[in-house]
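Quick notes on the structure that follows.
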Number of protein chains: 2
Amino acid sequence: MNSKNKHQLNPRISADCVVFGFDFSQLKVLLIEREQVEGFDISLSLPGDLIFEDEDLDMAANRILNELTGLNDIFLEQVGAFGNPDRLSKASDKAWLKAVRQKPEERVVTIAYYSLVNMNNYQPQASSFAKTACWIPVHEISELAFDHYTIFQVALKKLKDKIKTQPIGFNLLPEKFTLSQLHKLYEVILGRDLDKRNFRRKMLKLKIVESLDEKQEGVPHKPSQFFKFNEENYTQLIQNGYDNFGF
Amino acid sequence: MNSKNKHQLNPRISADCVVFGFDFSQLKVLLIEREQVEGFDISLSLPGDLIFEDEDLDMAANRILNELTGLNDIFLEQVGAFGNPDRLSKASDKAWLKAVRQKPEERVVTIAYYSLVNMNNYQPQASSFAKTACWIPVHEISELAFDHYTIFQVALKKLKDKIKTQPIGFNLLPEKFTLSQLHKLYEVILGRDLDKRNFRRKMLKLKIVESLDEKQEGVPHKPSQFFKFNEENYTQLIQNGYDNFGF
DNA sequence: TTTCTATGTGTCAATTATACACTTTGCGAA
DNA sequence: TTCGCAAAGTGTATAATTGACACATAGAAA
């Protein structure tokens, strides 16, 4: 630790969130429409903000998430730090930074998070984000501002890996859900078909879902049983070292 | 992104490395003995350094690793960012920072990495680290400087998770190794016994190890066959979506 | 009452995981 | 030279899990 101080990096730090949601048919991400600047098109970015002086990294991510969605105590996990020196140097990004930042040239290291929300609970907020936040299906996401497309890809990879090993998918569903919805969710995240019967068999055998005395109503077909996530059984499972759903 | 600039965090950034090694019987981590200051005991820390102005995060971690070990092109993966506001505020840490930093009170966000090295290739360097670097078995690591113990634990968890899914363990072994050595490595990292025959069967069936025409010599027991890692077969495996060793 | 649509269910074969013990090789000591 | 030692190396049988596959069911709407 003997480097000369004057050559050391002294950046701002931001937190950016990849907020995933599921509308029972597609996996989506909450993105922000960045206003047009200097003739550059509208572009989409991850919700994020610079971190305050006395703020912890995780606190900052929670704050951003709360300002965006009005939600608290949401599943939130770090993806990693992204600090490439040229991550802000696309022409369109520079123009935007020039318009909104006091020191637009300043280097920014971002700490990326991903979070899973139940889209039903999501209420557009009266925050600065409100008018411009939108859910975009993951397969329609292509270009994003800054290095956000890279961040999104890493986050999605992390979600895919994690769901094989821990039942975090429940965070994307309401309290009551049907096994078909859960099944669809796994298919959408993993990007491949899963046999319906085998999927149900596994979930029921592990006892991490519990049948409720309630059925769908008003659907033009056989109504589906509602289930809820059984957290106690799940906790016991992982305490016994179980960490592989075998998907 | 409308925060007032004067309240924004503007820290230094460091990179810290959890360097794992394996001596055929224990999993070890390369730690630095921090000199005594103001009557505080010697304490151990992860090797790390502040990041330079035009340096990428990964580059910085590679630089630190190279200065420490003389090695290049080593397995290196990000663990995450650690930026708790009070991560530098233990009394012993403050005393040390006061002695070596120009602005000892300045907040530092560290980006942690973990890396796997073949201990045979490791040569103590004529760097500032040289005299003080030592390999400590993971189960003997308790207190470390700053938040390094937390970082170490997260890195170890990540290593355990990753080895179940990808054969990164080979990075800890020499080119030629015996199946017993590989077996022991897995047991040590996962922290539990694995059946010898089942382990060998799995490794051989997956064809990610390849037998060499060479045996151990001079050992007071049946000499063991040497093997090498078969990278092509491994690459093909993961391209086919294989990502579960079933440990 | 018929049609429609998504729900919900069982079995069999193949694969994989787990448990388990003795023979082999080469060195070194007697 | 023989004997003992220490770790290497090897196979099988049982249980558990996976994967493939097709039709009856409930309720709404026509």
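Throughout, a chain's letter reflects where its sequence line sits, starting with A, and its residues are numbered from 1. Everything numeric in this text was worked out from a predicted model, so none of it was measured.
Checking C:dA21, C:dA19, C:dT9 against every side-chain atom of A:Arg197, the shortest atom distance belongs to C:dT9. Of the listed nucleotides (D:dA20, C:dT7, D:dA8), D:dA8 has the atom at the smallest distance from the side chain of B:Ser180. Ranking C:dT25, C:dG28, C:dC20 by closeness to the B:Pro220 side chain, first place goes to C:dG28. Considering only the side chain of A:Lys202, D:dT18 comes nearest among D:dT18, C:dT25, C:dG8.
Nucleic acid contact for A:Lys196: base, since at least one base atom lies under 4.0 Å from a heavy atom of the residue.
Nearest-nucleotide positions on DNA chain C for B:His221 and B:Lys205 put B:Lys205 closer to the 5' end.
Between B:Phe177 and B:Phe170, the ring centre distance stays below 6.0 Å. Not less than 6.0 angstrom separates the ring centroid of A:Tyr114 from the ring centroid of A:Phe152.
Nucleotide D:dA8 holds its C1' atom 16 Å from the CD atom of B:Glu217, rounded to whole Å. Per the geometry, CD belonging to A:Gln225 stands 14 Å off C1' belonging to D:dT25, to the nearest Å.
The heavy-atom pair separating B:Leu71 from B:Asn66 by the smallest distance is O-ND2, 3.1 Å.
At a cut-off of 3.5 angstrom, the base of D:dG19 holds at least one donor-acceptor pair with the side chain of A:Arg201.
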